[in-house]
Participant: 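This is the structure I want to talk about, given as structure tokens.
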Amino acid sequence: MKRSFRPLISILMLVALAATLSCRIAIRGGSGGGFAVSAELETTRSRVLIQPPPIQNFNSTLLKFAAVDTGEAKSKLEIEQLLEGSFAGQGRYRTFATWRRFNHHDVKARNSNGMPVMLRSPKFYRYWLDFRRNLQHWARKRMFQPDIMMDLVTLVKVPIDSHNGLMSSDNKYKSCAVVGNSGILLNTDHGKFIDGHEAVIRLNNARTERFEKNVGSKTSISFVNSNILHLCARRDGCFCHPYGGNVPMVMYICQPVHFMDYLVCNSSHKAPLLITDLRFDMLCARIVKYYSAKRFVEETGKALSEWGSTHDGSMFHYSSGMQAVMLALGICDKVSIFGFGKSTLAKHHYHTNQKAELRLHDYEAEYAFYHDLVKNPRAIPFISDKFRFPPVVFYQ
Ligand SMILES: *[C@@H]1O[C@H](CO)[C@@H](O)[C@H](O)[C@H]1NC(C)=O
Ligand SMILES: *[C@@H]1O[C@H](CO)[C@@H](O)[C@H](O)[C@H]1NC(C)=O
């Protein structure tokens, strides 16, 4: 009897572990960095009329290097272990108790072994089956597909439109604001301007109350990493809605075990809780790795092979802000970006007292990407030539 529950217990234990390990994706959204923004308004105008010629002189060594999926082996192993429900050599029972405390599942019910009754409930068994099915389905899409940008309307906008009672169509949002969380927003009064966009995308649940003048109050999409949802899953009803329960969430999975949180939370969410397609994640990862490697070689003069030891190879990850911008490129005719800059005079986040940059991502590399995005998007590798970039403007 006991044996048969082992897989379940270890899964739960993992979820507990995830709470403490946390993925390398910080609880923050695209802020930071000294990306100087000027004269984009003008660039934007001309780009609509004149398509710049495609740039084909990418450095093939860099492209090949960036195309290596460094995290693949580790992720495959992690997923295999999750599917088997086995995680050898860990203190299961104690950790499970932690999980249960965090996750509010059937806190009181216990049998004589001290094992929560919940483990035997049909409800939990269904989660377990769903967990395996969803995880497998998701993991199968770990591949490179340069055209995935063209599927974002179908993958993200159509379900959101349908939730909002709109007819689904191939139309993109006429204009989008992506709002990062940099403290520079406190120096501006962009609130009304931000809310004037057809869609407003906010990052990692940064609150808007008390900051409406600076950041606006409208939210069309709440973009988060799965670690945020994992933290929410510890609260009753998976409360993860600083913008109201009716606002759709789009989330990327930073640890496969977070699928458990997704399943637990998805059932209580009124609005869609969408997971980014892994092909889209892979594309973002390649692009940021390319810019990071390029900068590394150019600025340090070191060999490419040394990049990994400086950037923690398999753990290297793009930021939530970067992927939210990528999403906006795919679902909007026009993109305005706020709160992605940094200033020594400004707070790090507009909504927290966090002091400094967490060194989890290569923000400088992401700024190099944003620079190309504004000035010459064809200089961005890996995105299909068929994709038409919308005009992008960064606001300080
Ligand atoms: C491409 O990048 C690699 C690695 O930085 C470098 O060794 C090589 O010289 C570059 N090739 C060209 C043609 O620039
Ligand atoms: C998540 O919830 C939505 C709405 O209730 C549902 O349509 C969808 O099938 C759920 N997804 C999973 C994987 O259970």
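Counting convention: from 1, in listed order, for ligands and their atoms alike. As the structure is a prediction and not an experimental result, all values here were calculated from the model.
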Participant: Check the side chains of Gln323 and Asp281 for a donor-acceptor pair under 3.5 angstrom, ignoring hydrogens and angles.
Facilitator: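 The answer is yes; a qualifying pair exists.
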Participant: Taking atom types as modelled and ignoring hydrogens, do the side chains of Thr188 and Gln396 form a donor-acceptor contact shorter than 3.5 angstrom?
Facilitator: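 Short answer, no.
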Participant: Which disulfide bond (SG atoms under 2.5 Å apart) pairs, counting each pair once, include a residue from residues 259-294, with sequence neighbours left out?
Facilitator: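 Matches after skipping sequence neighbours: Cys238-Cys265.
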Participant: Is the closest side-chain heavy-atom distance between Asp261 and Leu231 below 4.5 Å?
Facilitator: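 A side-chain contact under 4.5 Å is absent here.
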Participant: Which pairs with one or both residues in residues 215-230 pass salt bridge (charged side-chain N to carboxylate O under 4.0 Å, His left out), sequence neighbours excluded?
Facilitator: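 As it turns out, there is no salt bridge (charged side-chain N to carboxylate O under 4.0 Å, His left out) pair with a partner in residues 215-230 once direct neighbours are skipped.
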Participant: Determine all donor-acceptor pairs shorter than 3.5 Å in which one atom belongs to a side chain in residues 133-141; sequence neighbours excluded.
Facilitator:
from, atom 1, to, atom 2, distance (Å)
Arg133, NH2, Asp130, OD1, 2.5
Asn134, ND2, Asp130, O, 2.8

Participant: Quick one: which of Ser220, Ser336, Ser175 gives a side-chain hydrogen bond (donor to acceptor under 3.5 Å, both in side chains) with His197?
Facilitator: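 So the option named by the test is Ser336.
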Participant: Protein residues near ligand 2, heavy-atom distance below 4.0 Å?
Facilitator: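 Lining ligand 2 at under 4.0 Å, by heavy atoms, one finds Asn134, Tyr262, Asn266.
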Participant: Is there at least one pair of N or O atoms, one from Asn59 and one from ligand 1, spaced under 3.5 Å apart?
Facilitator: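 In this structure, Asn59 places an N or O atom under 3.5 Å from an N or O of ligand 1.
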Participant: Please could you name the atoms of ligand 1 that Val297 approaches to less than 4.0 Å, counting only its heavy atoms?
Facilitator: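 What qualifies from ligand 1 is 5 (O).
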